[in-house]
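Worksheet: one structure, shown below.
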Amino acid sequence: MPSRDYPAVHGLQPDNAEIADRLDQFASLLELADASAYTSRAYRRAADLIRSTPAPVAELIRAGRARELRGIGPGIERRLRELVETGEIAELRELEREVSPELAGVGRFLGVSVKRMLEIGRVLDVRTLEELREAAREGRLQEVPGIGPETERKLLAALAREVHASAPRPLLVNRSRPLVEAIAEALGGVAAGDPRRWRDASERLAVVVSAAEAKPVLERFEALPQIVAVVERAERRALGITVEGVPVELVVAEPERLGTELVRATGASGWVAGLEPLPAAPDEEGVFAALGLPFVPPELREDGFEGPVPELVELSDIRGDLHCHSTWSDGKASIYEMGAAAKERGYEYLAICDHTVSVGAVPGLEADGVRRQAEEIAAANERLAPFRVLRGTECDIRRDGSLDLPDELLAELDWVQASVHGGQRGSREELTRRVLTALDSPYVSCLSHPTGRLINHRPPNAIDLEAVLARLAEQGRAVEVNGLPNRLDLRDEHVRLAREAGVTIVCSTDAHSVRGLGNMPNAVATARRGGAVATDVLNALRLEVVLARRFGRPA
């Protein structure tokens, strides 16, 4: 096993991905060292920001402009400057010597608390998985205070059990995709597994690399800063784990079998099993051709999928974003800043849909506030023309099903998102009646995040979604695919239900910042997983069509 010291970043101009990866590593070690949760979260947010920033961040750092990026304070700026100027962060190396990232990752992977695993390492003076296994074989585990025969038995069983390549806690798409993409880029490979299918919560993460000789690739994988331990290694395969205990599978394919291994490492297990034995081919197109099948996009390679293969909606089809927030409620950017950023993305329009007062948990607008906001929207449109900022609202649906703004104001708006926030633990009958009552209003354009789920935190509401979709279809109104990584609501299977019911879909970001506009790929990929084509998606159409449909289909 090579040293777990993190190597310096390469070259004098580290790219954004290298800088972000190093901040993520620093955040992980701060967590292990019992630093405040606020501090580690700040570094993770900074890493996410830098990863998604289009400009070379190293140049901004050298020019003393790092704090122009939102969320970069003086402490993070100092470490960024140190990283860019020296190639490393001294405190990162010091933390690495104090704690064992490898043992922490192994502990999380095995289901052992980090605190207990690091205590074992300290008492037994072990820092790696192999040293831990050796100490266990020698019967030394009971030297650790608090470990008796029963705990020792459980630890030995955990160390001896068969390794599974699935994460102990599924990762959201905004964590899983950057992780596998960074590893794939470092090895010259392709990201695969659940993240390549854009699963909302990934359990299997994989990277496939083409190489005639596997050993050098395996060694580079083992030395990557993201990988703290390798728990399984074969001739052309390895399973590494991150400090968070997330397993990442590496497959080193012979060049003539790259397509074969990529299809196998990408698809859901049941879908792949239905195609076996897979023919040898250097690319995926060759695999499907040899099977006599049309090419299946990664998003559709799920258990139970059978053709035909539709021409799925593309990110490039999206003409605007119909659900965004500004500083008028809980957003971080002004209306003009949001519009300018959307225009830079090539959009034609953007709807500002700030919250109304009944949302409760965050600031919201009453009717007078929505009317005053119109002046700022008009001023932004003068500066941004021909781009158009739409007057909108995310109007709360009260518990009795009434809307949080008066009809005469809703009628003035370009776009009305209707949303349920409080009271989401209500019964199926209560929640369904609440939403259907709201849809009786003639001024609703789109139903937002209709199931209310928060992935890994809150299950979907007990709503009769089919009844709601039937009402939306009858009225000619739209339903949202919300691109926030912890929502993705509607989810894939519900997108299929919406399409079958004849309901138009809106792919939205629910952006609360300029950076949040980058959530659009999440929404589009989720729509693709549900089989959506461009004509299913309202905001793939011109502005005049959207405005004509804002309160349902024209008579």
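Along the sequence shown, residues carry numbers from 1.
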Give the minimum heavy-atom separation between [X] and [Y], together with the two atoms involved.
{"X": "Glu203", "Y": "Pro170", "value": "CG-CG, 3.9 Å"}
{"X": "Thr266", "Y": "Arg197", "value": "O-NH1, 2.6 Å"}
{"X": "Ser326", "Y": "Ser334", "value": "CB-C, 4.3 Å"}
{"X": "Ser100", "Y": "Leu118", "value": "O-CD2, 3.7 Å"}
{"X": "Ala540", "Y": "Arg319", "value": "O-NE, 3.3 Å"}
{"X": "Val514", "Y": "Ala333", "value": "CG2-CB, 4.0 Å"}

Do the side chain of [X] and the main chain of [Y] share a donor and acceptor less than 3.5 angstrom apart?
{"X": "Glu219", "Y": "Pro216", "value": "no"}
{"X": "Arg220", "Y": "Leu187", "value": "yes"}
{"X": "Asn522", "Y": "Leu484", "value": "no"}
{"X": "Asp24", "Y": "Ala47", "value": "no"}
{"X": "Asp21", "Y": "Glu18", "value": "no"}
{"X": "Arg108", "Y": "Val243", "value": "yes"}
{"X": "Trp415", "Y": "Cys353", "value": "no"}
{"X": "Glu131", "Y": "Arg127", "value": "yes"}

With a 4.5 Å heavy-atom cut-off, do [X] and [Y] have their side chains touching?
{"X": "Leu390", "Y": "Ile377", "answer": "no"}
{"X": "Gln25", "Y": "Leu29", "answer": "no"}
{"X": "Ile505", "Y": "Glu480", "answer": "no"}
{"X": "Leu517", "Y": "Leu350", "answer": "yes"}
{"X": "Val246", "Y": "Leu171", "answer": "yes"}

Decide if atom CD of Glu185 counts as having more than 12 heavy atoms of other residues, nucleotides or ligands within a radius under 6.0 Å. no
Does the side chain of [X] pick up a donor-acceptor pair with the side chain of [Y] at under 3.5 Å?
{"X": "Ser329", "Y": "Asp354", "result": "yes"}
{"X": "Asn482", "Y": "Asp489", "result": "no"}
{"X": "Asp396", "Y": "Thr356", "result": "no"}
{"X": "Asp492", "Y": "Thr526", "result": "no"}
{"X": "Glu102", "Y": "Thr128", "result": "no"}
{"X": "Glu244", "Y": "Thr242", "result": "yes"}

Please determine if Arg177 forms a cation-pi arrangement with Trp198, meaning its NZ or CZ atom is less than 6.0 Å from the six-membered ring centre and no more than 45° off the ring axis. yes
Are [X] and [Y] close enough for a salt bridge, meaning some N to O gap below 4.0 Å?
{"X": "Arg51", "Y": "Asp48", "value": "yes"}
{"X": "Asp414", "Y": "Arg388", "value": "yes"}
{"X": "Glu314", "Y": "Arg528", "value": "yes"}
{"X": "Glu59", "Y": "Arg62", "value": "no"}

Name all pairs fulfilling the ring pair (Phe, Tyr, Trp, His ring centres under 6.0 Å) condition that reach into residues 49-100, sequence neighbours left out, sorted by first residue then second. none
Distance-only donor-acceptor pairs under 3.5 Å for side chains of residues 73-81, two or more places apart:
| unit_1 | atom_1 | unit_2 | atom_2 | d |
| --- | --- | --- | --- | --- |
| Arg79 | NE | Tyr43 | OH | 3.4 |
| Arg79 | NE | Glu91 | OE1 | 3.2 |
| Arg79 | NH1 | Tyr43 | OH | 3.2 |
| Arg79 | NH1 | Gly75 | O | 3.3 |
| Arg79 | NH2 | Glu91 | OE1 | 2.5 |
| Arg81 | NH1 | Glu85 | OE2 | 3.0 |
| Arg81 | NH2 | Ile61 | O | 2.8 |

Test Ser448 against Gln417 for side chain to side chain donor-acceptor pair (under 3.5 Å), laying out the working first. CA-CA 6 Å; Ser448 296; Gln417 297 274 138; 2.4 Å; yes
Report the C-alpha distance between Asp330 and His512 in whole Å, list the side-chain angles of each, state the deciding distance to 0.1 Å, and finish with yes or no for side chain to side chain donor-acceptor pair (under 3.5 Å). CA-CA 7 Å; Asp330 59 339; His512 286 66; 3.1 Å; yes
Sequence neighbours left out, what passes ring pair (Phe, Tyr, Trp, His ring centres under 6.0 Å) with His421? Give chain and number order. His355, His449
Given the rule in the side chain to side chain donor-acceptor pair (under 3.5 Å) test, do Asn16 and Thr53 qualify, once you have shown the distances and angles that lead to the verdict? CA-CA 8 Å; Asn16 290 5; Thr53 298; 5.4 Å; no
